[in-house]
Amino acid sequence: MAAASFTAAKFLAPAAARSGGDRAPFPAPSAFSMRSLRHRPARRLSSVLAVSSDVLKAAPAAAAYPAVTREEALELYEDMILGRNFEDMCAQMYYRGKMFGFVHLYNGQEAVSTGFIKQLNQPDCVVSTYRDHVHALSKGVPARAVMAELFGKATGCCRGQGGSMHMFSEPHNLLGGFAFIGEGIPVATGAAFAAKYRHEVLKQSSPDGLDVTLAFFGDGTCNNGQFFECLNMAQLWKLPIIFVVENNLWAIGMSHLRSTSDPEIWKKGPAFGMPGVHVDGMDVLKKYIIEQNLASEAELKNIEKKIDDVVEEAVEFADASPLPPRSQLLENVFADPKGFGIGPDGKYRCEDPKFTQGTAQV
């Protein structure tokens, strides 16, 4: 079972109000309106409607937000189906030898990605972990570009140089997946600081105010020093950042209960003067769609068939795409590769037929 806890400085996404340490379902239809990326003008939600923290003595009354529309609910459902089916296909492709190295799948956590990222505007930033495929998809990176990256092809979102754990897309403000735990948190904190600096110092404000940064990481990372340092800085500078803990109860092979003195991670936020919230990361309105007759089961099946086609097309595209050229080998590795990868003629040494002589052939 996956759950999400998050702490936030300055900005929190609302959910149903609860008191004490009870888990708050996310999102609650009666108190939540999706800020669709495509279908309606975005609006920044400024109040905290669900708090499991002693920082806020009393949660404000739930605002009368309208329930999600049929269009918004189906967008959420489609995004979750895309995340699940894409990862299932990745497992198949890995065992068929189409992908190399480590491939960390996200199956079962797609509701967290959908629930948070689909509230963002395009300028808002996402910083991921080594489970970054679905975060990229939810942020709008095309499935074929993510799959091609996993295949190590030149048409991937990082031209085949990033692979499974390093998805990046500047146009979508996806600031990357990070292979080592905790190393993305300072990057996310810096992105939030930059957003505040642009807004308050450079006066480059957008109609929606401050751009928000989401920092995703797992429960194991919450015992990492960078996590605590960045919580302190975020609260000190009142940064527009949400720290999203995707707690699947395991840090690789280490049980969360064995490695954490207090397993209720959301309690770490109040230590820095910011609210901590515990939410259910297993469902974003699926049940609600059926209960409110927003769509029939046949319509949902049609969405699933559509996503199957999208994923199949992504595999075909990735398989047919070219491998990166040898001349790309040292690009984006060194700021100034002269003296290392550049020969006397000004060309990359890897272009010399003898460059790989005596090395293992892949």
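Side chains included, hydrogens not; waters and symmetry mates left out as well; all remaining heavy atoms used.
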Visitor: Please tell me whether N121 and D211 have a donor and an acceptor in their side chains that are separated by less than 3.5 angstrom.
Guide: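 On atom types as modelled, these side chains do not qualify, holding no pair under 3.5 Å.
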Visitor: We want to know whether Q328 and Q161 form a side-chain donor-acceptor pair, criterion being a heavy-atom distance below 3.5 angstrom.
Guide: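 Yes - a donor-acceptor pair under 3.5 Å links their side chains.
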Visitor: When you compare the side chain of S259 with that of N223, does any pair of heavy atoms fall below 4.5 Å?
Guide: yes
Visitor: Do S164 and H104 meet the criterion of a side-chain donor-acceptor pair at a distance under 3.5 Å?
Guide: no
Visitor: Shortest non-hydrogen contact from F168 to L174?
Guide: CD1-O, 3.3 Å
Visitor: Would you mind reporting whether S128 and M167 have side-chain heavy atoms less than 4.5 Å apart?
Guide: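 Sidechains of S128 and M167: no contact.
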Visitor: Treating K203 as the side-chain partner and R198 as the backbone partner, does any N or O pair qualify as donor plus acceptor under 3.5 Å?
Guide: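 It does not hold such a pair.
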Visitor: Hey, does F86 have a side-chain heavy atom less than 4.5 Å from the side chain of L137?
Guide: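 Yes, side chains in contact.
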Visitor: Under the side chain to side chain contact (heavy atoms under 4.5 Å, CB included) rule, what do F243 and F216 come out as? Steps first, then yes or no, please.
Guide: CA-CA 6 Å; F243 299 96; F216 287 95; over 6 Å; no
Visitor: Under 3.5 Å, is there a donor on one side chain and an acceptor on the other for D88 and N107?
Guide: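 Result is yes, a qualifying pair exists.
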Visitor: Find out whether the Lys NZ or Arg CZ of R144 is both under 6.0 angstrom from the six-membered ring centre of F317 and within 45° of the ring's axis.
Guide: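 The answer is yes; both the distance and angle limits are met.
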Visitor: Without hydrogens or angle criteria, can the side chains of Y130 and H166 be said to hold a donor-acceptor pair below 3.5 Å?
Guide: no
Visitor: Check the pair D308 / N85 against side-chain hydrogen bond (donor to acceptor under 3.5 Å, both in side chains), numbers first and verdict last.
Guide: CA-CA 7 Å; D308 285 341; N85 289 8; 2.9 Å; yes
Visitor: How far apart are the closest heavy atoms of G177 and D132, and which atoms are they?
Guide: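 G177 and D132 have their closest heavy atoms at CA-OD2, 3.4 Å.
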Visitor: Would you compute the distance between atom CD1 of I307 and atom CD of E312 and round it to the nearest 0.5 angstrom?
Guide: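 That separation rounds to 12.5 Å.
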Visitor: So which heavy atom on E149 is nearest to which on G162, and how close?
Guide: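 In terms of heavy atoms, the two residues are closest at OE2-N, 2.7 Å.
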Visitor: Between the side chains of E304 and Y77, is a donor N or O closer than 3.5 angstrom to an acceptor N or O?
Guide: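 Their side chains do contain a donor-acceptor pair, which is all the 3.5 Å distance test asks for.
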Visitor: Determine whether the side chains of H278 and E264 contain a donor N or O and an acceptor N or O closer than 3.5 Å.
Guide: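 No donor-acceptor contact under 3.5 Å links the two side chains.
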